[in-house]
Amino acid sequence: MDINSINILTAFLLIIFGYLVGSIPNAIWIGKVFFHKDVRDFGSGNAGGTNAGRVFGKRIGVLVIFLDALKVIIPLYISWIILTKVNLYDGRPLVSDVTSKYVYGINDTAIKFPIYWLTTIGCCIGHCFPLFAQFKGGKNVSCFYGIAIGTSWLFGVIPGLLFMLILKLKKYVSLSSILSSWIAVLFAIVWAIFVETKVVTGSTVSIVTYGATFECNWLFAVCLTFAAGLLTFTHRTNISRLKNHSERKITWMK
């Protein structure tokens, strides 16, 4: 198999792998197993953590958010390990990892860019349009934060703090989710430019991530942008209600 075929096949398999894991409908399965209810029949009709919290209580909502974030984090790390640590191509990994890039330079690998990021795109699509739940899933908020916090503590903290700040000021979960995600995207794009232009290099990159694992580069920014775009698309009815001043405000935050 030639290199181009390897690239195409690997990209396809990563997206499919991410989609299948992302399709696990945590809110729906938890609701049916423990409460004998389909969360989509109540509240906003959404199968995400926020609606699960409204229907089944805050603890279940937090649990669903945590599990939905893991649906992105775990597949991403699995893809990274397989592609950068396992010798799949002529006695070498398919992709050069961060450590080898900064210590030894780019290896003679089949794939010249961190293709494992494509797993996150599949996860987001699967979460919103799950194969195992009639393609009626969540709104991608947990998956977006899963990509962010799973990659970098900094990119997890920034949108998280922004979300809470906007929520405290405006009391709209949907508005907080949309605005905080796009601010995080803007920050990711600026950071990616710094990485690509060598303004920040090896040790600095590792400080904001979890050691020499991921690099918050241009492909990370692209995937985060896709996740924010899908998040915004799934909130289109909320956006309409925000415009009409009919969106429901939270009451638990003073």
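FYI, the numbering just counts along the sequence from 1.
In this structure, the side chain to side chain contact (heavy atoms under 4.5 Å, CB included) partners of V190, at least two apart in sequence or on a different chain, are F194. Y77 pairs by the ring-ring contact (aromatic ring centres under 6.0 Å, His included) definition with F214, not counting sequence neighbours. Remark: R241 engages E247 in a salt bridge (charged side-chain N to carboxylate O under 4.0 Å, His left out) (not counting sequence neighbours). With sequence neighbours excluded, the residues that form a ring-ring contact (aromatic ring centres under 6.0 Å, His included) with F56 are F35. Residues that satisfy the ring-ring contact (aromatic ring centres under 6.0 Å, His included) test with F220, not counting sequence neighbours, are W117, F155. Shown here are the side chain to side chain donor-acceptor pair (under 3.5 Å) partners of D38, two or more places apart in sequence or in another chain: R40. Legend: residues meeting side chain to side chain contact (heavy atoms under 4.5 Å, CB included) with F132, ordered by chain and number and at least two apart, are L20, S23, P25, W29. Partners of L94 by side chain to side chain contact (heavy atoms under 4.5 Å, CB included), not counting sequence neighbours, listed by chain and number: I6, T10, L83, L88, Y89, A110, I111. Remark: I81 pairs with K85 by the side chain to side chain contact (heavy atoms under 4.5 Å, CB included) rule, at least two apart or across chains.
For residues 227-246, no pair satisfies ring-ring contact (aromatic ring centres under 6.0 Å, His included), with sequence neighbours left out. Among pairs with a residue in residues 159-186, none fulfils ring-ring contact (aromatic ring centres under 6.0 Å, His included), at least two apart in sequence or across chains.
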Distance-only criterion, 3.5 Å: show the donor-acceptor pairs between side-chain atoms of residues 63-74 and protein atoms not counting sequence neighbours.
residue, atom, partner, partner atom, Å
D68, OD1, N26, ND2, 2.8
K71, NZ, G22, O, 2.9
K71, NZ, I24, O, 2.8
K71, NZ, H127, ND1, 3.0

